[in-house]
Amino acid sequence: MLSRNWRHLCRRYSQAVTFRTTEASPAQQNEKQIGLFYTMNQETCKQLFSQGGFPKSFQKQTKTFTETAIMIRQPALDLINCIKSSDFNKPAIRYVLYGEKGTGKSLTMAHLLHYAHEDGYLIVHVPWVSEWLRRLPRSKEMSNSQTHEGCVDLPLDAASWLLHFKGQNQHILKTGELKVSKEYVWSKREKTEAGAPLAQLVEHGISRVKYACDVVDALIKEIKTLSHNKQCKTFVAIDGFNSFFYPVTRLSTPTKKKVKPEEVTLTTTFMELTKNDWTNAVILLSADQLAVPDDHQESHFPRYLLYKKGFEHLDPFVPVEVGRYSEKEFLSCASYYRDRLWLRGPPEIDTELKFTSACNPYRFMEQCAPL
Amino acid sequence: MSVFIKHYRPCGLVSGFNNKIWRYNSTTADVATSKNEEDEEFRVLDILKKRDRQQRRVARRADVQPDRADRMAVDQNWGNVWPGPKSFHPSSVPLPLRQGYVPRGQAPPGKKANAELMKIPNFLHLTPPVIKAQCEALKPFCTEWPKLLNSEEAIEKHYPVEIISSDYCHASPSIRNPLARIVTLRIKLSTLNLDKHAKDKFIRLVGDRYDRETDLVTITADRCPVKKQNLDYVNYLLTACYHESWNVEEWEKDKTEDDMEYYDWDKNASKKSLVNWYLRTKNENRELTDEEYVAFDISEIPNGEEYKNAVSNYLNDGESEVTVKNYAKSVRKLLGLPEAKVVT
């Protein structure tokens with residue numbers, strides 16, 4: 001028993017230097033730490049990602065490893081560098097993450113969210129657009145929009161997103177500095193007055209699910225004006241953004257008519273958000289092959305995934321590629337997996353795994369699982 | 001054991017009698033001798049007639065001639081032995097050929113009764129001396145090659161149209177071959193006198209008969225029964241397409257951005273968004289009409305020209321690692337962002 005504990009201790013401290021970094025603040029990380037893992041604070045992690053934000057497999061992995069460790073990679077550092085050096089008085093800059101399946105676009109986004117959280121941004125984060133447009137759980141609820149003619153509302157999804165928004169920005173909303181600029185009348189008896197705190201608007205959306213979509217719409221408009229007037233700075237992160245541009249969704253109206261994405265109120269809202277007609281904001285989007293059905297996954301490049309419409313909507317944007325592991329990153333990841341006992345066996349196995357997984361992070365993780 | 005047996009025979013000799021007595025000491029020997037004396041053998045019923053059949057199987061050796069291949073003269077005229085294309089025959093070819101599956105530790109099968117050799121097409125009728133002889137025979141019918149057509153380029157310049165057809169010659173009741181009617185016309189598109197609009201229209205008219213990589217238009221006709229008619233038809237098609245592509249119809253003015261054959265940045269949404277972005281950075285909020293967008297001079301936007309080229313390349317050349325990276329670079333310059341570091 002004693003010797004086993006001793007072994008554990010040895011393992012933890014002998015290798016800890018090579019693949020971990022203690023620099024837990026993304027703003028302070030630099031090029032020297034590329035390939036190293038940093039551990040995210042449990043509370044931050046809970047606040048940012050409890051309602052989604054990590055890919056499912058990574059979520060499971062954090063539970064297995066009993067920690068949330070994210071590798072510091074070039075795209076994330078590059079983005080942080082860009083954000084730091086950009087002029088916030090100019091129109092918001094759109095960044096588009098692209099890359100093959102499983103190379104870590106969502107995790108790069110999570111890294112950036114951590115940065116934004118630490119830097120005091122108001123976070124508008126959509127964990128996975130396909131969740132709204134392409135996933136059909138039994139409890140999916142749809143209703144015709146009262147305010148937008150010919151559009152459909154997804155009240156439950158909108159309400160759960162508001163909850164997510166509230167959770168991620170609780171520390172900003174609590175202060176109550178952000179005020180609603182104009183009066184919103186929801187029904188005869190319900191209205192949100194001008195000058196009410198933003199949290200009240202959000203609360204209204206959560207408690208009165210019927211108006212959730214309209215609340216989201218109003219909220220986004222408010223955020224835009226607020227950050228345009230320099231009252232806050234906003235960080236928009238939307239994962240699987242190209243899902244908004246795929247010609248049809250899997251939703252269908254009661255009359256069995258297929259719904260197009262632009263007929264969903266949430267789509268118009270977030271289209272409005274991703275325009276560059278406002279300032280003091282960073283917009284980070286991702287174009288993911290997994291966000292669209294199999295028949296449109298031939299290439300991972302943004303123009304193909306976003307279609308002509310999406311390209312014209314975002315242009316000019318900054319494409320940022322998230323690639324496979326480099327040599328150094330792979331070695332560091334392998335030793336991290338060894339440390340977590342995710343990967344066991346002789347050291348020669350590493351070269352073989354590197355070959356079979358082709359340095360693809362997700363595939364490497366999958367292939368290590370049975371070892 | 002000895003037994004005395006009395007054997008009586010009338011008129012028998014006494015000595016013989018005695019003799020017998022002594023011999024009968026052993027009974028077994030006596031049985032054999034008595035059998036031999038009475039009948040020679042016990043006849044066997046030979047139902048299958050085995051004996052007769054064995055006699056019939058005596059091999060008769062035929063008088064086999066030596067192989068023709070072995071008797072060929074060394075200095076014979078090969079063109080006479082193998083005048084035309086035909087499938088392989090082992091006795092006509094005096095070569096130690098081997099072909100086929102090689103069993104372990106053995107040589108490949110020889111040429112006799114070898115299906116592998118018969119399956120493959122051979123060129124035994126096209127040996128260099130034969131070709132030479134045939135060319136010599138054809139020479140009196142040829143005219144001299146024009147001296148000025150000394151290079152491929154010169155030929156292409158003076159004779160841009162290529163006509164391809166086939167003639168067939170075979171021994172059968174009919175000398176006609178239906179495949180001989182097919183005529184193919186090939187021409188480089190660049191040799192035709194076309195302007196921008198006409199070229200685009202010509203490409204759309206000929207459809208998949210135009211190969212973008214080699215710049216060749218290939219028109220094939222096989223609908224008429226005779227080669228001459230097909231030739232006329234092919235020429236007619238080329239002429240018709242050419243003149244039609246120069247016509248400008250009324251409806252061609254309705255051409256929209258989606259119908260464009262290439263990406264024209266000045267007329268596209270990309271320029272609009274760039275101009276809008278630029279005006280916003282200068283805090284000017286004005287709405288421009290479409291004509292104003294097209295006419296907007298982008299040279300006043302820093303790095304705008306490079307951005308324009310990057311977008312045009314991105315959308316005209318198709319998406320690839322290079323074009324996307326190039327686009328990223330120009331956008332970063334445009335927006336004033338630091339360049340991405342190369343991962344080492």
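The chains referred to below are lettered A, B, ... by the order of the sequence lines, with proteins before strands, and numbering in each begins at 1.
Within 6.0 Å of OH on Y362(A) lie no more than 12 heavy atoms contributed by other residues, nucleotides or ligands. Atom CD of E292(B) is surrounded by more than 12 heavy atoms from other residues, nucleotides or ligands within 6.0 Å. By the 6.0 Å contact criterion, NZ on K157(B) is open, its count of non-hydrogen atoms from other residues, nucleotides or ligands being 12 or less. For OH of Y168(B), the number of neighbouring non-hydrogen atoms (other residues, nucleotides, ligands) closer than 6.0 Å is greater than 12. Atom NZ of K329(B) is surrounded by 12 or fewer heavy atoms from other residues, nucleotides or ligands within 6.0 Å. Other residues, nucleotides and ligands place more than 12 heavy atoms under 6.0 Å from the CD atom of E300(B). Counting heavy-atom neighbours within 6.0 Å of K199(B) NZ, excluding the residue itself, gives a total of 12 or less. For NZ of K182(A), the number of neighbouring non-hydrogen atoms (other residues, nucleotides, ligands) closer than 6.0 Å is 12 at most.
Taking a cutoff of 4.0 Å between a charged side-chain nitrogen and a carboxylate oxygen, K325(B) and E321(A) qualify as a salt bridge.
Contact annotation for S320(B): only backbone heavy atoms (N, CA, C, O) come within less than 4.5 Å of a heavy atom of chain A. Residue P75(A) does not touch chain B at all, counting heavy-atom pairs closer than 4.5 Å. Of the atoms belonging to F317(A), heavy atoms from both backbone and side chain fall under 4.5 Å from chain B. Of the atoms belonging to D277(A), heavy atoms from both backbone and side chain fall under 4.5 Å from chain B. Residue contact with chain B, scored on non-hydrogen atoms closer than 4.5 Å, involves the side chain of S299(A) exclusively.
With contacts defined as side-chain heavy-atom distances shorter than 4.5 Å, the pair N268(B)/E312(A) qualifies. Put simply, the side chain of F301(A) reaches to within 4.5 Å of the side chain of E321(B), judged on heavy atoms. Contact annotation: the side chain of P338(B) never approaches that of K84(A) to less than 4.5 Å [non-hydrogen atoms, C-beta and beyond]. At least one side-chain heavy atom of F311(A) sits less than 4.5 Å from a side-chain heavy atom of L315(B).
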| message | Assess the residue pair C82(A) and R332(B) against the criterion (side chain to side chain contact (heavy atoms under 4.5 Å, CB included)); give the C-alpha distance rounded to whole Å, side-chain angles, the decisive distance to 0.1 Å, and a yes or no. | response | CA-CA 9 Å; C82(A) 282; R332(B) 273 166 198 257; 3.4 Å; yes
| task | Carefully, step by step, assess L337(B) and Y95(A) under the rule side chain to side chain contact (heavy atoms under 4.5 Å, CB included). | result | CA-CA 11 Å; L337(B) 297 176; Y95(A) 302 92; 3.9 Å; yes
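Each of E31(A), R303(A), K275(A) has some count of heavy-atom pairs under 4.5 Å with chain B, and the biggest count is that of R303(A).
Counting all heavy atoms, side chain and backbone alike, Y307(B) lies closest to P316(A) at OH-CB, 3.3 Å.
The backbone N or O of Y304(A) lies less than 3.5 Å from a partner atom in the side chain of E319(B), making a donor-acceptor pair. With hydrogens and angles ignored, the 3.5 Å screen pairs a side-chain donor or acceptor of R280(B) with a backbone N or O of N276(A).
Atom OH of residue Y314(B) and atom CG of residue D315(A) lie 9.5 Å apart, to the nearest 0.5 angstrom. For the atom pair OH of Y278(B) and NZ of K90(A), the computed distance is 9.5 Å after rounding to the nearest 0.5 Å. Interatomic distance, CZ of R94(A) versus CG of L335(B), reported as 9.0 Å (0.5 Å rounding).
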